[in-house]
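Below is one structure; the comments refer to it alone.
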Amino acid sequence: MSAWEPISALARVPRLLVALDFDGTLAPLVDEPMAARMSQDARAAVEALAQAPGTTVALVSGRTLSDLRVIAEYDDDSPLLLAGSHGAEQWPPPGEAPAPVDPLLLTRRDDLRARAEAIAADADRAWVEPKEFGFALHTRLVSDAAVARGVQEKIAALMAAEASDWRRRDGHDILEYAFRAEGKDGAVARLRAQTGANAVLFAGDDVTDEDALRSLQPGDVGVRVGPGETAATVRVTGIPELAALLTRLARERDTLRE
Ligand SMILES: O=P(O)(O)OC[C@H]1O[C@H](O[C@H]2O[C@H](CO)[C@@H](O)[C@H](O)[C@H]2O)[C@H](O)[C@@H](O)[C@@H]1O
């Protein structure tokens, strides 16, 4: 079966939500996270889908929302919806103002992040990304796998001792801890309700995307970008193949839903 076959039915649904992970799905992985940008083909596909009849595109990312806005080169006129921090943040903001974060949680976040930074400083080129609800240890640039594992284990031990209630997430050369446990499944459920979608296409490349992929319903389509165990029913080799499928979907929706 070709990758297009399960997706073709989505060309006809009256209201379609296309929810897309960012890093590794639309944007190639790079050493400096704030330098990540959608590939030219992926950006063109996203823009075409966002203009297609009855179609909403959402970016559903682990990035802090303010960072996602920068790397997605998002402006307030954009028709795209955004979910950041794995779904704990959204744009446009929800109708009701979210409850302010308990300042004690922010103090604890800053303290634990500082301690993680001190641990990371011992491993050449390991570093800690500050995140809205926690922090992430990056080991992409650590050339020795044993050193990378060692620093991950030390930070895991710190968090097991000091913050065992925080959610741990493992990804591509990244180990993240957050005091908010929301996952991409919740973001997709909220976006589905908000857009009144009859069906959802979700695409992602990493472990955190599996929350959303597992939550899909009959009639939806999940796409895994690249290798790895997955709940998705469709797999593509990488960003170029996904961009080609999204472009075809936009074209078919333009034709069938005019
Ligand atoms: O949910 P996503 O949109 O896929 O975001 C997941 C994490 O992406 C970023 O890290 C990953 O991409 C970096 C840039 O290509 C790369 O250097 C890193 O190795 C990857 O793990 C981001 O820095 C994290 O905050 C996101 O959670």
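Both counts, for ligands and for their atoms, begin at 1 and track the order of listing.
Within the 4.0 Å heavy-atom shell around ligand 1 one finds D21.
Of all protein heavy atoms, the one lying nearest to atom 14 (C) of ligand 1 is V30 O, 3.3 Å. In this structure, the protein non-hydrogen atom closest to atom 3 (O) of ligand 1 is S61 OG, 2.7 Å. Summary of contacts: the protein heavy atom closest to atom 10 (O) of ligand 1 is H138 CE1, 3.8 Å. In terms of protein heavy atoms, atom 27 (O) of ligand 1 is closest to K131 NZ, 2.7 Å.
Remark: the E252 side chain and the S8 side chain contain no N/O donor-acceptor pair separated by less than 3.5 Å. There is a side-chain donor-acceptor pair under 3.5 Å between H172 and D205. E129 and H138 are linked by a side-chain donor-acceptor pair at a separation below 3.5 angstrom, with hydrogens and angles left out of the test. Side-chain contact of R169 with T208: a donor-acceptor pair under 3.5 Å is absent, judged by distance alone.
For ligand 1, the polar-atom distance check finds no N/O of H86 at less than 3.5 Å from any of the ligand's N/O atoms. Note: an N/O pair closer than 3.5 Å links K184 and ligand 1 by distance alone. Remark: ligand 1 and G62 share an N or O pair separated by less than 3.5 Å (distance only, no angle test). Inclusion of T208 in the set of residues having an N or O under 3.5 Å from an N or O of ligand 1 is not warranted. Remark: ligand 1 and D23 share an N or O pair separated by less than 3.5 Å (distance only, no angle test).
Under 4.0 angstrom from ligand 1, the non-hydrogen atoms of L29 come from both its backbone and its side chain.
Near E176, meaning under 4.0 Å from any of its heavy atoms, are these atoms of ligand 1: 27 (O). Each of the atoms 14 (C), 23 (O) of ligand 1 lies under 4.0 Å from some heavy atom of P33. Numbered from 1 in the order shown, with element, the atoms of ligand 1 that lie under 4.0 Å from a heavy atom of F22 read 3 (O).
The closest heavy-atom contact to atom 24 (C) of ligand 1, among the options M34, R140, E129, comes from E129. Of the listed residues (R169, R63, H172, E32), the one carrying the non-hydrogen atom nearest atom 20 (C) of ligand 1 is H172.
To the nearest 0.5 Å, atoms CG (D173) and CZ (R140) are separated by 4.5 Å. To the nearest 0.5 Å, atoms CG (L245) and CD1 (I7) are separated by 4.5 Å. Between atom CG of residue L26 and atom CZ of residue R43 there is a gap of 9.5 Å, rounded to the nearest 0.5 Å.
The aromatic ring centres of W166 and F179 sit less than 6.0 Å apart.
Stacking of R113 on the aromatic ring of F135 is not recorded, the 6.0 Å distance cut-off and the 45° axial limit not both being met.
For R190, the CZ atom is densely surrounded, since the number of other residues' heavy atoms within 6.0 Å is greater than 12.
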